[in-house]
Peer 1: 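Structure incoming, see below.
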Amino acid sequence: MSEVDARFDAFFRHRIGMDIASVGPKVVAMAIERRQRWHGLASIDAYWALLEQDDAECQALIESVVVSESWFYRYAESFSALRRVALERRGGAPLRLLSLPCASGEEPYSIVMTLFDAGLGPAEFSVDAVDVSDRALSRAREARYGPHAFRDSAVKAHQHHFLFTEEGAQVTERVRRQVRLFQGNLLEPACSQVLGSYDVVFCRNLLIYLDAQARSRALAVLTELSAPGGLVFVAPAEACLLLRSGFRAAPLPQSSAFFAASTQSAEPSRSASGVRRERPQSAVRRASERHASAPLAKRCVQPKAPSLEHELARVERLANARCFDEALTLCRQLQSRLGPDASIYYWQGLIHDACGDASRAVDDYRKALYLCPDHVEALMQLAALSEARGDDAQASRLRYRLQLKSSTQG
């Protein structure tokens, strides 16, 4: 089966809101074939008939397709921002935090470790973790991890939260006790009613897999889940989706943190600096953290001049101060002095995107990818921008490239 039967396309959209193009039709088709063979069924029609009457098989098929990859301190700057916010709001009611989807537990446990190491005690916060996958939740409950879960250097500062054995790294009981694990689906109507509201919601690498209708519903639920002044953390590739949906970037550079549309004007209980009524100065930021993308940057074909990193930091400061003309002028000067460079084109794309010039942003992202096909941040931003412009086919191709890159790195 080279293409996905339309019935299964509708199945995934209805059940979990997933756009199969986001993970690749071939991946979905192979999963369906594996389940069909496992049951010894001769035809796709016979498997569909089974699926219609067997809820357990529905869950098994979903489990075989959903992407549940994670690792500790993924997007480390988000956790640095969380530490800052927690300390600013400390002293009031206990903080409520949510990780959704939580995958195999690395994210919610990273949240707990961050807050413990910031000095908060167990009574000062609680973490709920939700995922649609039983399999992922089982791994989260076991909380034992191999080397694959330790891909970010930030985790080294938190190794005291693990017990290391020959079987892997076991999260300590103190950390595990702080997390409540639930099976659930963000798109279920009762989700926000059951869970309540939260001061901080981590919802990363979910929106990019949803179709437009499901994404709209998910963003509405995220708004309902956010307490007044609450923050929503998303993946860097999803930032543009929130900005275009009425969310407002929080003044926490490089964190991909946002205030929900209905809560952005409300002040949090403790922070005088965590919320600003004016447009924050972090409207333009890198689409992915430098530390996480450093190995890819080394594979880019364009060599970096010794001073380029310093000059790009100047571009970032100007852009975050909304001095867009000055930032673009500096980019052009760098291109003239150093020659074409993927990182410079990428920053030009971000600035043009922030100014509402989508055509120039697309052109710059494409130039960045021509010079550096492994430039993940440019891929992410171009995919989000393509979708926002209605080019779903281009967005799907770009996300498929990202999926292939993720699987080869893992």
Peer 1: Please enumerate all residues that pass salt bridge (Lys or Arg N to Asp or Glu O under 4.0 Å) together with R96, with sequence neighbours excluded.
Peer 2: D128
Peer 1: From Q159 CD over to M113 CE, what is the distance, rounded to the nearest 0.5 angstrom?
Peer 2: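 With rounding to 0.5 Å, CD (Q159) is 10.5 Å from CE (M113).
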Peer 1: Is a side-chain donor or acceptor of R215 paired with a backbone partner of L207 at a separation under 3.5 angstrom?
Peer 2: yes
Peer 1: Decide side-chain contact (heavy atoms from CB on, under 4.5 Å) for L186 and L225; before the verdict, give the C-alpha distance in whole Å, the side-chain angles of both, and the deciding distance to 0.1 Å.
Peer 2: CA-CA 10 Å; L186 179 64; L225 288 169; 4.0 Å; yes
Peer 1: Tell me, which pairs form a ring-ring contact (aromatic ring centres under 6.0 Å, His included) where one or both residues lie in residues 218-239, sequence neighbours left out?
Peer 2: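 Pairs touching residues 218-239 that pass the test: F202-F233.
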Peer 1: In Å and rounded to the nearest 0.5 Å, what is the OG1 to CZ distance from T223 to F247?
Peer 2: 3.5 Å
Peer 1: Residues in salt bridge (Lys or Arg N to Asp or Glu O under 4.0 Å) with D353, at least two apart?
Peer 2: R244
Peer 1: Could you walk me through whether R7 and I44 pass side-chain contact (heavy atoms from CB on, under 4.5 Å), step by step?
Peer 2: CA-CA 10 Å; R7 293 173 294 184; I44 193 66; 4.0 Å; yes
Peer 1: Could you tell me which non-hydrogen atom of S343 sits nearest to which non-hydrogen atom of D341, and how far apart they are?
Peer 2: N-OD1, 2.8 Å
Peer 1: Going by the rule salt bridge (Lys or Arg N to Asp or Glu O under 4.0 Å), which residues pair with D117 if we only count those two or more places apart in sequence or in a different chain?
Peer 2: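 D117 satisfies salt bridge (Lys or Arg N to Asp or Glu O under 4.0 Å) with no residue once adjacent residues are dropped.
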Peer 1: To check you understand the geometry: which heavy-atom pair defines the closest contact between S226 and S197, and what is its length?
Peer 2: C-CB, 4.4 Å
Peer 1: Taking ring pair (Phe, Tyr, Trp, His ring centres under 6.0 Å) as the definition, give me every residue that meets it alongside H352, ordered by chain and number, with sequence neighbours left out.
Peer 2: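 Listed in chain order: nothing, the list is empty.
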Peer 1: What's the separation between atom CG in L242 and atom CG in L219, rounded to the nearest 0.5 Å?
Peer 2: 5.5 Å
Peer 1: Distance from E107 atom CD to F79 atom CZ, nearest 0.5 Å?
Peer 2: 5.5 Å
Peer 1: Enumerate the ring-ring contact (aromatic ring centres under 6.0 Å, His included) contacts for residues 90-124, please, sequence neighbours excluded, ordered by first and then second residue.
Peer 2: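 Sorted result for residues 90-124: F116-F125.
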Peer 1: If the condition is ring pair (Phe, Tyr, Trp, His ring centres under 6.0 Å), which residues does W38 pass it with, not counting sequence neighbours?
Peer 2: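 Scan of W38 (ring pair (Phe, Tyr, Trp, His ring centres under 6.0 Å), adjacent residues dropped) gives none.
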Peer 1: Below 30° counts as parallel, above 60° as perpendicular, anything between as tilted: where do the rings of F162 and F164 land?
Peer 2: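 It falls in the tilted class, 30° to 60°.
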Peer 1: Mind checking what makes side-chain contact (heavy atoms from CB on, under 4.5 Å) contact with D363, not counting sequence neighbours?
Peer 2: K367
Peer 1: Minimum heavy-atom separation for D131 to C102, with atom names?
Peer 2: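 The pair with the smallest heavy-atom distance is OD2-N, 3.4 Å.
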Peer 1: Please find the pair of heavy atoms, one from D199 and one from P94, that lie closest to each other, and give the distance.
Peer 2: OD2-O, 4.0 Å
Peer 1: My understanding is that only residues two or more places apart in sequence, or in another chain, count here; which of them pass side-chain hydrogen bond (donor to acceptor under 3.5 Å, both in side chains) with E124?
Peer 2: R90
Peer 1: Can you list the steps and then say if E173 with R176 is a salt bridge (Lys or Arg N to Asp or Glu O under 4.0 Å)?
Peer 2: CA-CA 5 Å; E173 183 180 356; R176 297 200 308 272; 5.0 Å; no
Peer 1: Strictly distance-based, threshold 3.5 Å: is any side-chain N or O of Q36 a donor or acceptor partner for the main-chain N or O of L41?
Peer 2: yes
Peer 1: Could you pull out all residues at least two apart from Y145 that satisfy ring pair (Phe, Tyr, Trp, His ring centres under 6.0 Å)?
Peer 2: F72
Peer 1: How would you list, by chain and number, every residue that makes a side-chain contact (heavy atoms from CB on, under 4.5 Å) with A220, sequence neighbours excluded?
Peer 2: none
Peer 1: If every non-hydrogen atom of F324 is compared with every non-hydrogen atom of A319, which pair is closest and at what distance?
Peer 2: CE2-O, 3.5 Å
Peer 1: Looking only at non-hydrogen atoms, find the nearest pair between N205 and E238 and report the distance.
Peer 2: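 Looking at all heavy atoms of both residues, the shortest contact is N-OE1, 3.1 Å.
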Peer 1: With Q170, which residues qualify under side-chain hydrogen bond (donor to acceptor under 3.5 Å, both in side chains), at least two apart?
Peer 2: R144
Peer 1: Can you tell me if CD on E142 sees more than 12 non-hydrogen neighbours from other groups inside 6.0 Å?
Peer 2: yes
Peer 1: Check whether S110 reaches the backbone of Y73 with its side chain - one donor and one acceptor, N or O, closer than 3.5 Å.
Peer 2: yes
Peer 1: With a 4.5 Å cut-off on side-chain heavy atoms, are I351 and V315 touching?
Peer 2: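 The answer is yes, as the side chains (C-beta and beyond) meet within the 4.5 Å cut-off.
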Peer 1: So, the side chain of Q178 versus the backbone of V127: is there a donor-acceptor pair under 3.5 Å, distance only?
Peer 2: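 A pair under 3.5 Å: no.
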Peer 1: Would F258 and L222 count as a side-chain contact (heavy atoms from CB on, under 4.5 Å) here? Give the steps.
Peer 2: CA-CA 11 Å; F258 292 83; L222 287 176; over 6 Å; no
Peer 1: Could you measure the distance from the CG atom of L100 to the CZ atom of F182? Nearest 0.5 Å is fine.
Peer 2: 11.0 Å
Peer 1: So do W347 and E316 actually touch side chain to side chain, heavy atoms under 4.5 Å?
Peer 2: yes
Peer 1: Does the side chain of R204 pick up a donor-acceptor pair with the side chain of S78 at under 3.5 Å?
Peer 2: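 A pair is found: one side chain offers a donor N or O, the other an acceptor, under 3.5 Å apart.
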Peer 1: How far apart are the C-alpha atoms of I111 and V200, what are their side-chain angles, what is the distance that settles it, and do they pass the side-chain contact (heavy atoms from CB on, under 4.5 Å) test?
Peer 2: CA-CA 10 Å; I111 292 172; V200 178; over 6 Å; no
Peer 1: When rounded to the nearest 0.5 angstrom, what is the spacing between CG in L379 and OH in Y346?
Peer 2: 11.0 Å
